[in-house]
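Take a look at the structure set out below.
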Amino acid sequence: MTAWHAPPPLAPNTLDDGVPSSEYAEVMTPQAELIERLKTLLGPKGYLHEAMDVEPFARDWRGRVGATPFVAMPSTTEEVAAVVKAAHEAGVPLVPQGGNSGMVRGSLPQNEIVLSLRRMNKIREISPQNDSIIAEAGVILTQVQDAAKEAGRLFPLSLGAEGVATIGGLVSTNAGGVAVLRYGMMRDLVFGLEVVLADGRIWNGLRTLRKDNTGYDLKQLFIGAEGTLGIVTAAALKLFPLPAAKMTAMCALTSLDAVVPFLPIAKSMSGGAVTGYELMGHQGVEFVLEHVPDTRFPFTPAPEWSLLLEMSFGREDGARDTIEAVLAAGMEEGLISDAVIAQSDAQSLMFWKVRDSHSEGEKKDGRGVHHDISSPVAAVPDLIRGAMAAGGQLVPSARFVAFGHAGDGNIHFTVKPPKGLAGGMTEDEVVAIHDEVQHAVHDSTMRLGGSISAEHGIGMMKRDELAERRSPLEMELLRTIKRTLDPAGTLNPGRVVK
């Protein structure tokens, strides 16, 4: 039996791996050195380092996988500033992250350090008199909605991921959602911002003024910049009166073209009360009913094109009469063949569940090529038909999911392989030509004066294509802004512009 012997003691002034500490600094990477510094700055509650702990931050909701060695989790603006300053000094990149519900790999790390804002989750102030609320970057959207409602006010931004999306991420991506038609995008809902700049300085622009013409509107630089110019740590947001009544109806359109002329009828007859105008093709509805539990639809089978119409009123009196009159006018004009008005909150929520579950239903069916495109509102039918023609040329017998915000011209469009058709392309074959399909759809979109990114941002997925689609002067201006505000390139590098 061999006797056990204690290992020899470490040589003086060495680390556990036997490398003298004087040499260790030479072999440590700048990222590793920064990680050790951040551990000291943030304390044990302020970071995650173990592989099983950081893994959720390196995987997005569609299952795409990145990698990160470290997640910094500051809880105050000052801690965010300290992290950003340290990264700037070390020349080490950071990827800011909120709810990680993005669609374009804008916050999915590629071996960078993640800067998570989730612990910055306080609502600092709410003023019903000023119709404003100040929320930190890590506050979940539903928490802002609930706080506003408790104060008798409305924060109108609403989208499918509102239970996980954070205020900082929504500001940084200029989120849209289902109420843009009435209230605008996130850019229109922000009074002011608090931002940590790339060198760690803090810009406090949390003003709640409705009129302020004192120089450039600096907050707009950071809204929609996807964390590439600064880290949003708090936002002052606009509130609105809480509607006294909401009326929701599901309509069967007589054709895709009917979606355009029915909108001005609904707007004018309701006095501008339309808050939701959501188009759904039959394929997307069928995916929802097949793959999402506890969903029901008022029409069997689903029409070729359905429309979810919602109106919000300041008074209950006359609300139902108004939506009934609008629907009757749509039928008289030959635009609607059938309609069901929600008789309860539960039925209204079911209508919205079908709409909001499109991404989930389509995802469960399998992979495809996704697009977030827009056109002028009047061109929405041509936008969809053009996208179908472009996708169909490359994917014979393809199935198309087209749905979204017809009232503001934004359609979410997916090209999927056929099911069970002899000689059709497989899922792998369609995914293999992802970029070719996407470019073809985007070409048809641009011919209508549209956009290749309506509300999901650019991230890494569309960065190179952005440079192809925008003019050289526009790209020069974008890159000049990036270099000016982040000269070391440490904030979300490789996203939006390079």
Side-chain angles (χ1 to χ4, degrees), residues 60 62 64 101-108 159 169-170 172-177 180 185-187 223-228 279 281 284 358-359 362 367-395 398 400-416 430-431 433-479 481-482 492 494-498:
D60 69 13
R62 281 199 172 273
R64 293 173 294 208
S101 58
M103 306 288 278
V104 291
R105 293 196 290 128
S107 60
L108 188 66
L159 37 75
L170 294 166
S172 296
T173 56
N174 186 29
V180 171
M185 296 187 63
M186 193 62 159
R187 188 180 299 281
I223 301 174
E226 302 184 41
T228 62
L279 181 68
H358 267 59
S359 293
E362 174 271 314
R367 294 175 294 170
V369 183
H370 304 92
H371 310 81
D372 168 43
I373 52 180
S374 68
S375 70
V377 174
V380 163
D382 291 332
L383 175 71
I384 294 173
R385 282 191 288 259
M388 288 180 171
Q393 286 182 348
L394 295 169
V395 184
F400 303 110
V401 177
F403 72 100
H405 323 296
D408 58 48
N410 175 198
I411 297 297
H412 304 301
F413 182 78
T414 303
V415 180
K416 299 181 73 69
V430 172
V431 173
I433 59 169
H434 174 282
D435 291 353
E436 189 178 353
V437 173
Q438 194 166 77
H439 274 71
V441 171
H442 289 167
D443 282 343
S444 70
T445 299
M446 297 300 291
R447 284 194 288 271
L448 296 171
S451 170
I452 66 171
S453 177
E455 64 176 359
H456 291 165
I458 297 299
M460 296 188 74
M461 285 182 61
K462 299 182 182 180
R463 179 199 64 198
D464 294 341
E465 190 174 358
L466 175 71
E468 298 172 7
R469 303 289 182 181
R470 302 290 288 270
S471 72
L473 178 56
E474 287 176 303
M475 293 307 303
E476 179 186 340
L477 292 173
L478 292 177
R479 291 176 179 130
I481 293 170
K482 171 66 174 175
N492 221 9
R495 283 76 173 177
V496 186
V497 295
K498 67 174 181 178

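- Put simply, the side chain of Lys482 never gets that close to the backbone of Val497: no donor and acceptor are under 3.5 Å apart.
- Looking only at side-chain heavy atoms (C-beta outward), Met446 and Asp443 stay at 4.5 Å or farther from each other.
- Residues passing the side-chain hydrogen bond (donor to acceptor under 3.5 Å, both in side chains) test with Glu474, sequence neighbours excluded: Arg470, Ser471.
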Please lay out, stage by stage, how Met461 and Arg64 fare under the test side chain to side chain contact (heavy atoms under 4.5 Å, CB included). CA-CA 12 Å; Met461 285 182 61; Arg64 293 173 294 208; 3.3 Å; yes

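- Residues that satisfy the side-chain hydrogen bond (donor to acceptor under 3.5 Å, both in side chains) test with Arg463, not counting sequence neighbours, are absent from this structure.
- For the pair Glu465 (side chain) and His439 (backbone), a donor-acceptor distance under 3.5 Å is absent.
- When all heavy atoms are compared, the tightest approach of Val104 to Gly457 is CG1-O, 3.7 Å.
- Side chain of Asp372 to main chain of His456: a donor-acceptor pair is present (N/O by atom type, distance under 3.5 Å, no hydrogens or angles).
- The two residues Leu448 and Pro376 come nearest to each other via the heavy atoms O-CD, 3.5 Å.
- Taking CE of Met460 as the reference point, atom CD of Glu226 lies at 11.5 Å (rounded to 0.5 Å).
- Using a distance-only test at 3.5 Å, with no hydrogens or angles considered, no donor-acceptor pair links the side chain of Asn174 to the main chain of Met185.
- Scored by the ring pair (Phe, Tyr, Trp, His ring centres under 6.0 Å) test, His371 finds Phe413, His442 as partners (sequence neighbours excluded).
- A 4.5 Å side-chain heavy-atom check between His370 and Gln438 finds every atom pair outside the cut-off.
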Using side chain to side chain contact (heavy atoms under 4.5 Å, CB included), reason through Val395 and Lys416 one step at a time and then give a plain yes or no. CA-CA 8 Å; Val395 184; Lys416 299 181 73 69; over 6 Å; no

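- At distances below 3.5 Å, at least one donor-acceptor pair connects side-chain atoms of Arg187 with backbone N or O atoms of Ile223.
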Where do Thr445 and Ser375 land on the side chain to side chain contact (heavy atoms under 4.5 Å, CB included) test, with the steps shown first? CA-CA 7 Å; Thr445 299; Ser375 70; 5.7 Å; no

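- Here the side chains of Ile411 and Val380 are in contact, with some heavy-atom distance below 4.5 Å.
- The shortest distance between side-chain heavy atoms of Arg367 and His434 does not fall below 4.5 Å.
- For the atom pair CG (Leu279) and CD1 (Ile384), the distance works out to 5.0 Å, reported to the nearest 0.5 Å.
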Walk me through it: do Val369 and Val441 pass the test side chain to side chain contact (heavy atoms under 4.5 Å, CB included)? CA-CA 10 Å; Val369 183; Val441 171; over 6 Å; no

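- The CD atom of Gln393 lies 10.5 Å from the CD atom of Glu436; values are rounded to the nearest 0.5 Å.
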